[in-house]
Amino acid sequence: MKRTNRTFGILFGLAAAATALTGLSAPTASAATHQVTGGCYGSSCDDKDPVDTGCSADAFTVDSASSALGTVELRYSPSCRANWARIYDTSYGQAFWVQSEHNYVQWHAKGATGYSDMVDGSGPARACIPPETCTVWH
């Protein structure tokens with residue numbers, strides 16, 4: 001019995017070392033951890049607020065695009081695997097949106113800045129200001 005436990009321990013250790021070296025993790029363990037951390041994950045984040053869910057805590061700007069109407073950013077949260085649009089240098093009521101392969105969320109700035117609800121970040125997404133000033137698909 002001890003030999004079996006030792007063999008299991010060695011195999012587990014080798015698997016952990018291989019995972020650490022490749023930077024990969026088991027998808028189910030990763031997804032479960034992210035759900036607890038961010039309050040939602042992937043498609044369960046659709047149409048949810050990135051601040052209220054905690055997804056904005058680890059977010060970063062993927063890309064931005066500017067026009068005379070303002071600057072829009074495509075934001076991404078790794079822990080929630082979700083995207084949203086953020087706008088600044090704009091005017092009250094300015095429309096902007098975030099778009100994924102399966103969802104589209106349009107918002108209006110409530111001042112010089114604003115952000116939209118989220119879309120699933122498992123596929124490409126972009127953020128836009130009309131008329132079609134957009135980030136590239138990421």
Side-chain angles (χ1 to χ4, degrees):
M1 187 81 172
K2 286 185 179 183
R3 184 177 179 119
T4 304
N5 286 340
R6 183 170 184 248
T7 303
F8 175 76
I10 290 169
L11 290 175
F12 183 78
L14 289 172
T19 299
L21 289 173
T22 60
L24 300 175
S25 60
T28 54
S30 177
T33 301
H34 293 305
Q35 278 186 323
V36 173
T37 303
C40 64
Y41 187 78
S43 62
S44 72
C45 293
D46 278 350
D47 302 314
K48 292 185 180 171
D49 186 298
V51 174
D52 291 347
T53 58
C55 295
S56 64
D58 71 340
F60 60 91
T61 300
V62 176
D63 197 3
S64 64
S66 296
S67 76
L69 301 175
T71 299
V72 68
E73 297 175 330
L74 177 64
R75 304 280 293 163
Y76 178 73
S77 166
S79 66
C80 295
R81 197 173 181 187
N83 291 100
W84 63 94
R86 181 168 69 179
I87 193 169
Y88 59 93
D89 293 336
T90 192
S91 58
Y92 182 88
Q94 176 60 52
F96 65 104
W97 67 87
V98 63
Q99 181 180 6
S100 70
E101 294 177 308
H102 307 290
N103 198 3
Y104 168 90
V105 178
Q106 181 170 330
W107 281 82
H108 297 275
K110 296 183 173 34
T113 63
Y115 63 92
S116 70
D117 279 351
M118 297 181 286
V119 296
D120 182 358
S122 62
R126 69 179 183 165
C128 302
I129 305 172
E132 296 299 319
T133 297
C134 299
T135 65
V136 297
W137 288 93
H138 288 276

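Throughout, residue positions are numbered sequentially from 1 according to the sequence presented.
With hydrogens and angles left out, the side-chain atoms of T61 and R75 include a donor and acceptor closer than 3.5 Å. A side-chain N or O of S79 and one of D58 form a donor-acceptor pair less than 3.5 Å apart.
S77 places none of its side-chain heavy atoms less than 4.5 Å from the side chain of F60. Within the 4.5 Å cutoff, side-chain heavy atoms of W84 are placed close to those of S56. Counting heavy atoms from C-beta on, the side chains of R81 and Y76 come closer than 4.5 Å. A heavy-atom distance below 4.5 Å is found between the side chains of N103 and D47. Using a 4.5 Å heavy-atom cutoff, the side chains of F96 and C128 are not in contact. Between W107 and D117 the shortest side-chain heavy-atom distance falls below 4.5 Å.
Atom OG1 of residue T113 and atom CZ of residue R86 lie 9.0 Å apart, to the nearest 0.5 angstrom. Note: D46 CG to K48 NZ = 9.0 Å, rounded to the nearest 0.5 Å. Annotation: the span from S43 atom OG to M118 atom CE amounts to 11.5 Å, rounded to 0.5 Å. Between the NE2 atom in H138 and the CG atom in L74 there is a gap of 6.5 Å [rounded to 0.5 Å]. To the nearest 0.5 Å, the span separating SG on C45 from CG on N83 amounts to 10.0 Å. The distance from the OG atom of S100 to the CG atom of D120 is 6.5 Å, given to the nearest 0.5 Å.
In this structure, the side chain of S44 does not engage the main chain of C40 through any donor-acceptor pair within 3.5 Å. Between the T135 side chain and the A127 main chain, a donor and an acceptor come within less than 3.5 Å of each other. Looking only at distances, no side-chain donor or acceptor of T90 sits under 3.5 Å from a matching main-chain atom of I87.
For the pair A65 and I129, the tightest heavy-atom approach, listed with the atom from each and the gap, is O-CD1, 4.4 Å. Contact record, A95 with P130: O-CD, 3.1 Å, taken as the closest heavy-atom pair. Closest of all the heavy-atom pairs between T133 and S66 is CG2-O, 3.5 Å.
C55 pairs with C80 as a disulfide, the SG atoms being under 2.5 Å apart.
Ring-centre distance between Y104 and W97: below the 6.0 Å cut-off.
E101 and R126 are not joined by a salt bridge, as no carboxylate oxygen comes within less than 4.0 angstrom of a charged side-chain nitrogen.
Residue V119 is grouped with residue V62 when hydrophobic side chains (ILVMFWY) are merged at heavy-atom distances under 4.5 angstrom, including chains of intermediate members.
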